[in-house]
Protein chains: 2
Amino acid sequence: MSRQAPTLEDVAREAGVSRATVSRVINGVRNVDPGIQEVVRQAVERTGYAPNRAARSLVTRRTQTVALIVSGAGDTSEGEQSAFTARVFADPFFGRVVAGVVGYLRPRSMHPLLMFAESPEARQQVLSDLRQGSADGALVVSTHADDPMPALLADAGVPAVLFARPSRPVPLSYVDLAHRDGARQAAEHLLKRGCRRIVTVTGPLGVGASQDRLAGFRDTMARSGHPYVPVAEGGFTLDSGMAAMSGLLAEHPDVDGVFAANDLMAQGACQVLRERGRRVPDDVAVVGFDDSSVAATCRPALTTVRQPVEEMASTMAALLDEHIQGLRTDPTSVIFDPELVVRESA
Amino acid sequence: MSRQAPTLEDVAREAGVSRATVSRVINGVRNVDPGIQEVVRQAVERTGYAPNRAARSLVTRRTQTVALIVSGAGDTSEGEQSAFTARVFADPFFGRVVAGVVGYLRPRSMHPLLMFAESPEARQQVLSDLRQGSADGALVVSTHADDPMPALLADAGVPAVLFARPSRPVPLSYVDLAHRDGARQAAEHLLKRGCRRIVTVTGPLGVGASQDRLAGFRDTMARSGHPYVPVAEGGFTLDSGMAAMSGLLAEHPDVDGVFAANDLMAQGACQVLRERGRRVPDDVAVVGFDDSSVAATCRPALTTVRQPVEEMASTMAALLDEHIQGLRTDPTSVIFDPELVVRESA
DNA sequence: CTGAAAGCGCTAACAG
DNA sequence: CTGTTAGCGCTTTCAG
């Protein structure tokens, strides 16, 4: 980045061949004499050549970059970007998404470009950036069920894949989890354990996953003769889990089982229960959701429903790649199966 | 992204002017007749033109993108990228960094390109990507004091700015906090409160900030006649904070003050203390560090030393921008002042 | 199997 | 104030 970077021309001169040949060697195109290939490789080495991305992009029409869009609902006012960002990252879930995405992209020397779409202005920005060719496609993680971003992307013809099914049909591929099935497993585990006075702490009900987990849980409970399940809504945070549990405990002091819609809230519930003199799992069994990193490390270790976030995220990236390359044209969906992980809390 | 995107040529034809003129209007260069300006603007509107980023980059030699490098020590084995990523994002600190960075970049229509440098291979990848011109410069957040990435970047001549002073001198600008001073404030607050049996939970001692906070705390304590302060090392996580506090409590049951090197650990300490029947702050006062989002929301609300992470991060981005634009050539450093925020825990 | 030549879409002198 | 003219560095036909 200091002195003038060597170009293909320089390497070609050094190797005594044409630019085209050097280009072929670098891009691994066959039909190049092995001897010349070696000569070129050495010339590249000597000159310290690195292909210029912009020039390459200009002709290939590909940036080797995908946008990772973190998208909120339409009502966040401008200027709250900072708070929005902080909130998103506070959830261990997002880190796992990034890990999965990078796991797929990196071996292919692609990178995620971070974008936030928490307001109408921000969404237009994102759209405009994408149409300028800042990225070859977009991976969208929405924090709300009624996020307008997916539809905007679809209308703009930008290749995009979503994490989680959009609330309204949008012609885009997505990956998701069988949330209801996961909630069913949690309910069955609690029931099998002998719990009879079961309550649940849901995630924010504006999120599809929260709704599905609650629905799946209620269904299973109802089928087992428990038509009524006390519910408290949380916000997927530790504190909200504590608050929700406090409320439930006040109204139902005899509770003996809790299903929390994510691990952070389950952890919060455990803490409140212990503060109020309940032993977990002896007096009250607690089941979480996600199997995030805290689940295994907190005390007591959380029994939870595993969501393979990393795998889902890397699949999301793989799908996008297929769309970008034109290998896949019609939207598809890949639904992952949750799995109960039994530890100490239930 | 579906049909052929319109080019400058198309807009020029539509407006009945030359490409150059359109370019001038779009880039806001003066010396263009207001009337023509309007005509061009309309032509842009009609054609739905969006400048091609690759083409522009090729000539301006600028991508409007900066790499946000999360960098670990040299010993992480390949394949652990996923765990590394998850760990990094689990810390609320990182979200604040991103928020600050984006806060600076977005108004300038720039974006952060996420890169991880947790192994030697990954570092070479990052370096190679940067030399290809994937980004105009790099913002580096290291998880360890002896991170080799800064030096590699400096050697490669890549414009870069660091978050936190590197352990060995590297000719790069950086932003940092006066950690020792923050720790001093924490110590003074505890002492002023009347605490006499004070312990501290440090961050991982491989991190410069942890070392500085510990040193500053010890210094102040020593000057106040407390030559010995029991120490337990934590890992900046809630669990590690709980574990550290448990250990300290076992050996020093009469503790009446705790300084934890970040809020997460302070929160963990509070929980352990309450579980063991200590009231916070009545029996034991607890001071955290960072003033991250949990500090205000957890119970009891944490008295803590505020680190203005967002501001530091956006300053870091601003410095990088100056370096990229050539407005600044020599490395500089900006040190921020911490500030004690008194809430409930101490 | 290799080279010559034609752009990709844009900016930036340089004339006028 | 506007148009003409060169490229930026690379890939990719198309000849040979």
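Residue numbering restarts at 1 for every chain, and letters A, B, ... go by the order of the sequence lines.
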Nearest whole Å is fine: how far is [N] [atom2] from [X] [atom1]?
X	N	atom1	atom2	answer
Arg19(A)	dA5(C)	CZ	C1'	9 Å
Glu9(A)	dG7(D)	CD	C1'	13 Å
Arg56(A)	dC8(C)	CZ	C1'	15 Å

Reckon Ser18(A) has a side-chain N or O less than 4.0 Å from the OP1 or OP2 of dG3(C)?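 So the side-chain polar atoms of Ser18(A) do come within 4.0 Å of the phosphate oxygens OP1 or OP2 of dG3(C), strictly under.
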
Distance check: side-chain N/O of Arg53(B) vs OP1/OP2 of dG9(C), anything under 4.0 Å?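 Checking dG9(C) against Arg53(B), no side-chain N or O comes under 4.0 Å of OP1 or OP2.
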
Checking all strands, does Arg24(A) fall into the base, sugar-phosphate, or nothing category for heavy-atom contacts under 4.0 angstrom?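 The answer is base, as Arg24(A) lies within the cut-off (heavy atoms under 4.0 Å) of a base atom.
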
Could you please name the option among dC10(C), dT11(C), dT12(D) that lies closest to any side-chain atom of Ser23(B)?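 Nearest to the side chain of Ser23(B) among the choices is dT11(C).
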
Set of residues satisfying ring pair (Phe, Tyr, Trp, His ring centres under 6.0 Å) with respect to Phe163(B), sequence neighbours excluded: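 Partners of Phe163(B) by the ring pair (Phe, Tyr, Trp, His ring centres under 6.0 Å) criterion, ordered by chain and then number, come out as Phe93(B).
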
More than 12 non-hydrogen atoms from neighbouring residues, nucleotides or ligands closer than 6.0 Å to CZ on Arg168(B), yes or no?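 Result for CZ/Arg168(B): open.
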
Degree of bending, the helix from dC1(C)-dG16(D) to dG16(C)-dC1(D) (end axes from five pairs; round to 10°):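 Comparing the first five pairs with the last five, the axes sit 40° apart.
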
Nearest-nucleotide 5' precedence on DNA chain D, Val32(B) against Tyr49(A):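 Looking at DNA chain D, the more 5' nearest nucleotide goes with Val32(B).
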
Specify the residue among Asn27(A) and Ala55(B) whose closest nucleotide of DNA chain D lies further upstream toward the 5′ end.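 The 5'-side residue here is Ala55(B).
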
Which residue, Val158(A), Asp136(A), Leu152(A), forms the side chain to side chain contact (heavy atoms under 4.5 Å, CB included) with Leu130(A)?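 Of the listed options, the one satisfying the test is Val158(A).
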
